[in-house]
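The basis for the numbers below is simple: all heavy atoms, side chains too, and nothing from hydrogens, waters or symmetry mates. Every chain is numbered from 1 and lettered A, B, ... according to where its sequence line falls, protein lines coming before strand lines.
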Amino acid sequence: MAEHDLHAMRHSAAHIMAAAVQELHPDAKFDIGPATDEGFYYDFDMAHRLGPEDLKAIERAMKKMIGRRLPFERREMTREEAQAFFAARGQSYKLERLADIPAGETISVYQCGDFADLCRGPHVGHTGEVGSVKLLTVAGSYFRGDERNPMLQRIYGTAFPSPAELADHLRRIEEARKRDHRRLGSELELFSTHEAIGPGLICWHPAGARVRHVIETFWRDAHYANGYELLYTPHLGRATLWQTSGHLEFYREAMYSAMQVDEQDYYVKPMNCPFHIQVYQNRPRSYRELPLRWAELGTVYRYEKGGVLHGLMRVRGFTQDDAHIICTPGQIEDEICEVLRFSLFLWDAFGFREVKAYLATRPPKAVGEPERWEQALASLQHAVRRAGLDCEVDEGGGAFYGPKIDLKIKDAIGRQWQTTTIQFDFNLPERFDMTYIGPDGRRHRPYMVHRALLGSLERFFGILVEHYGGAFPTWLAPEQVRVLPISEPFLDYARAVAGTLRAAGVRVSADTEADTIGAKIRRARNQRLPYMLVVGEREAASGEVSVRSRAGEEGSVSLDAFLARVRAEIEARG
RNA sequence: GCCCACGUAGCUCAGUCGGUAGAGCGCGUCCUUGGUAAGGACGAGGUCACCGGUUCGAAUCCGGUCGUGGGCUCCA
């Protein structure tokens, strides 16, 4: 089915749902009910609070309507007729939506059964053309998405041409649920949160910490190898610092309240930049030492509203893979190109091959000289072009302090994640009066660029877990190899094999439980281990190991041969 | 923050009409010593998230708190 036909069908399904709601709850007021990529929704306002039980009744009423093959009838109205029409029905949200329609545009109403809706269309001919529908969830939603507006009730549903396609979609939802990082995080003992500690605050367990350590080590080495220096800065800073930076003025609601130290206010950091700037300000800087590229795995704390917290994806304490690039105007373009190239290198290393760029330009209210915005934007555009990236432009979507470029990566099941952000900042250099001495002996204002490539380690780890479904590639796996002795007489050989591998830097253990070999294999597979080495009488006698990878049995090789293979794989980040 | 739902053993979940709590997995002990996805027996483990109310009696009903989940313009 063509995209627009599917869209029309789902939009029609939304109308049918609204009609069913009107029938069951005559006092309902209607807002809007569009089709989405995955299905459709409709927003209602009514006295009755919808719960899961209501969905069944509404779905039944919808199916009845679908069976009756009721026509969708289009009527065009003048603005005045439409106003009178919806006013007579007490549909106040519709009147507001009507007022949004620009003058001169055609106003149409679609009627289906007893339900009439302000709607541009198009729709299917009659309700019988809507295939298999299923209502999924009920949720709250502010009118126009603004929390100052009344809270409406939203029902999400989906529709497909055939029952088989609907079943397939539900299966995909189930697949995504299986690789949910929260589920895998607890199954594989990667991380946890605790009521006693507080929401949005993550504890990394040994297995998760191992993976994080590998990521961090790779990240640090890569930064040193690519011209960065690393910084460590404190978690707290005086109120005066945050006044100078402007955070207390513009970012306060996301900061935790002050704590008093020696009768002075200190704040836990929501960002690392003011600290990096202090390091810069430590002495006068010459143009000869620019560009400076200073990176830090900086742990920051931000207040996020309770309702938006989500596993590792949205948390209150997290570690950014932050860096600040301070350079001269002449250096800026090469620097941006280099950041993009470096970012793509990291994504490739972690197994993400599809990356898309999103460029955000100057908003109406902005700080900084127009020439600087121009140059910044040009350097971003050139960099994107040189990197050969697909790019979408969001005109006026930049922050007030500078333009930015974000990268989105696509994971193994096609979902996009916003990760890398590269942002110019024309604000902080001014606020802190950052300067460098140029060849002319005068003070000049440097460019400053913030960039986080992975984003935050917590969120990136969550994405990584879902991307691989918990089955990390060998170089990242918390435990790379497990030695499985067939029975007790071979425990010593198993320990010796594990010892050899461990001495060679492999993350390995020996399963010395008194279980059958089948049970040991099952356990290791459930923990998504890349390699199992089965050892018994034959292997102990020959000094070999029987290799079992995720693909299955691979036969026996000498321990040396296996070690060489695993080392090569780890080296190649496979 | 707001709307809706959920919170029972470490995990996944059952628990009828209000009458003092159950399974599987996991964990412990013992038996079994095995050849590529679960060997067997026995046992321990619960302030039913927390606080309050209704009741002779609350996991169950009501209110509050905390936590978790789905969602909060893919623009008629």
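Atom-to-atom, CG of A/D45 to C1' of B/C3 comes out at 11 Å; the value is rounded to the nearest Å. Atom-to-atom, CG of A/L201 to P of B/U68 comes out at 9 Å; the value is rounded to the nearest Å. Atom CG of A/N526 is separated from atom C1' of B/G26 by 12 Å (rounded to the nearest Å). If you take CD of A/E189 and C1' of B/C27, they are 12 Å apart, rounded to a whole angstrom. Nucleotide B/C75 holds its C1' atom 13 Å from the OH atom of A/Y42, rounded to whole Å. Taking atom CD on A/Q111 and atom C1' on B/A76, their separation rounds to 16 Å, with Å as the unit. Between the CD atom of A/E187 and the P atom of B/U12 there is a distance of 9 Å, rounded to whole Å.
With C1' as the reference atom, B/A38 and B/C61 are 43 Å apart, rounded to whole Å. Comparing B/U68 with B/C50, their C1' atoms sit 15 Å apart, to the nearest whole Å. For the P atoms, the distance linking B/U65 with B/C4 amounts to 13 Å, nearest Å. When the P atom is compared between B/G28 and B/G71, the two are found 39 Å apart, to the nearest whole Å. Distance noted for atom P between B/C51 and B/U73: 38 Å (whole Å). Annotation: B/C74 and B/G64 have their P atoms spaced 31 Å apart (nearest Å). Nucleotides B/G26 and B/C66 have their C1' atoms positioned 28 Å apart, rounded to a whole Å. The C1' atoms of B/C25 and B/A37 are separated by 15 Å, rounded to the nearest whole Å.
Ring geometry, A/H48 versus A/H25: the interplanar angle falls under 30°, so the pair is classed parallel (tilted spans 30 to 60°). Under the 30°/60° scheme for interplanar angles, the aromatic rings of A/Y42 and A/F30 are found to stand perpendicular.
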>> Between A/V534 and A/E539, is the side-chain contact (heavy atoms from CB on, under 4.5 Å) condition met? List the steps.
In response: CA-CA 8 Å; A/V534 176; A/E539 291 77 12; 5.6 Å; no
> Given the rule in the side-chain hydrogen bond (donor to acceptor under 3.5 Å, both in side chains) test, do A/S509 and A/E479 qualify, once you have shown the distances and angles that lead to the verdict?
Replying inline: CA-CA 8 Å; A/S509 73; A/E479 189 179 343; 2.4 Å; yes
>> Evaluate A/Y156 against A/F40 for ring-ring contact (aromatic ring centres under 6.0 Å, His included), listing each step before the verdict.
In response: CA-CA 6 Å; A/Y156 279 94; A/F40 61 86; 9.1 Å; no
>> Pair A/H123, A/Y110 - check ring-ring contact (aromatic ring centres under 6.0 Å, His included), show working.
In response: CA-CA 8 Å; A/H123 282 282; A/Y110 275 82; 4.7 Å; yes
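Under the 6.0 Å distance and 45° angle rule, A/R144 does not count as a cation-pi partner of A/Y142.
Out of B/G35, B/U33, B/A76, the shortest distance to the side chain of A/L118 is found at B/A76. The nucleotide whose nearest atom lies closest to any side-chain atom of A/P199 is, among B/A37, B/U68, B/U33, B/U68. Of all nucleotides listed (B/U36, B/A37, B/G35), B/G35 comes nearest to the side chain of A/E539. Here B/G1 is the nucleotide among B/U32, B/G1, B/C74 with the atom lying nearest to any side-chain atom of A/K305. Considering only side-chain atoms of A/V534, the nucleotide from B/G35, B/U32, B/A76 that sits closest is B/G35.
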> What one-letter contact string describes nucleotides 41-50 of chain B from 5' to 3', where B marks a base within less than 4.0 Å of any protein heavy atom, S marks contact via sugar-phosphate atoms alone, and - marks no contact?
Replying inline: ----------
Can you name the atoms? Protein N/O to nucleotides 70-73 of chain B N/O, anything below 3.5 Å, with the distance.
from: B/G70; atom 1: OP1; to: A/R182; atom 2: NH1; distance (Å): 3.2
from: B/G70; atom 1: OP1; to: A/R182; atom 2: NH2; distance (Å): 3.1
from: B/G70; atom 1: OP2; to: A/H310; atom 2: ND1; distance (Å): 3.0
from: B/G71; atom 1: O3'; to: A/Y156; atom 2: OH; distance (Å): 2.9
from: B/G71; atom 1: O2'; to: A/G140; atom 2: O; distance (Å): 3.3
from: B/G71; atom 1: O6; to: A/G307; atom 2: O; distance (Å): 3.2
from: B/G71; atom 1: N3; to: A/G140; atom 2: O; distance (Å): 3.3
from: B/C72; atom 1: OP1; to: A/Y156; atom 2: OH; distance (Å): 3.2
from: B/C72; atom 1: O4'; to: A/G140; atom 2: O; distance (Å): 3.2
from: B/C72; atom 1: O2'; to: A/Y142; atom 2: N; distance (Å): 2.8

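Taking all atoms of both residues into account, the shortest heavy-atom contact from A/G470 to A/L184 is N-CD1, 3.7 Å. Counting all heavy atoms, side chain and backbone alike, A/E189 lies closest to A/A207 at O-CB, 3.6 Å.
Pair assignment for B/C42: B/G28, on the basis of Watson-Crick or G-U wobble contacts that are both within less than 3.5 Å. Using Watson-Crick or G-U wobble geometry with both donor-acceptor distances under 3.5 Å, B/G18 finds no partner in any strand shown. Pairing partner, B/A59: none, since no Watson-Crick or wobble contact has both distances short of 3.5 Å. Under the Watson-Crick or G-U wobble criterion, with both distances below 3.5 Å, B/G69 is paired with B/C4. Pairing for B/C75 is absent, judged as Watson-Crick or G-U wobble with the two contacts each under 3.5 Å. With a 3.5 Å ceiling on both atom-pair distances, the Watson-Crick or G-U wobble partner of B/A23 is B/U12. When Watson-Crick and G-U wobble pairs are counted only if both distances are under 3.5 Å, B/G34 pairs with no nucleotide at all.
Contacts of A/D100 with the nucleic acid, taken as non-hydrogen atoms under 4.0 Å apart, are absent. A/S556 comes within contact range of no nucleotide atom at all, as no heavy-atom separation falls under 4.0 Å. Contacts of A/I107 with the nucleic acid, taken as non-hydrogen atoms under 4.0 Å apart, include base atoms. At the heavy-atom level, A/E38 lies nowhere under 4.0 Å from the strands shown. Here A/G306 lies in heavy-atom contact (under 4.0 Å) with a base. At the heavy-atom level, A/A524 lies nowhere under 4.0 Å from the strands shown. Among the protein residues, A/K94 comes within range of the sugar-phosphate backbone only, with heavy atoms under 4.0 Å from sugar or phosphate atoms but none that close to a base. Within the 4.0 angstrom heavy-atom criterion, base atoms lie near A/R548. Using a 4.0 Å heavy-atom cutoff across all strands shown, A/F44 reaches no nucleic acid atom at all. At the heavy-atom level, A/E553 lies under 4.0 Å from base atoms of the strands shown. Contact annotation for A/G311: backbone-only contact, meaning every heavy-atom pair under 4.0 Å involves sugar-phosphate atoms and none involves a base.
If you check distances only, the side chain of A/S546 does reach the base of B/U36 with a donor-acceptor pair under 3.5 Å.
Distance check, rounded to the nearest 0.5 Å: CZ of A/F72 to CD of A/E129 gives 9.0 Å.
A/R10 places a side-chain N or O within 3.5 Å of a backbone atom of A/A159 that can act as its donor or acceptor partner. Side-chain N or O atoms of A/R252 include none that pairs as donor or acceptor with a backbone N or O of A/F250 at under 3.5 Å. A/Q153 contributes no side-chain N or O that, together with a main-chain N or O of A/D45, makes up a donor-acceptor pair within less than 3.5 Å.
Between A/R538 and A/R522, the one whose closest nucleotide on RNA chain B sits nearer the 5' end is A/R538.
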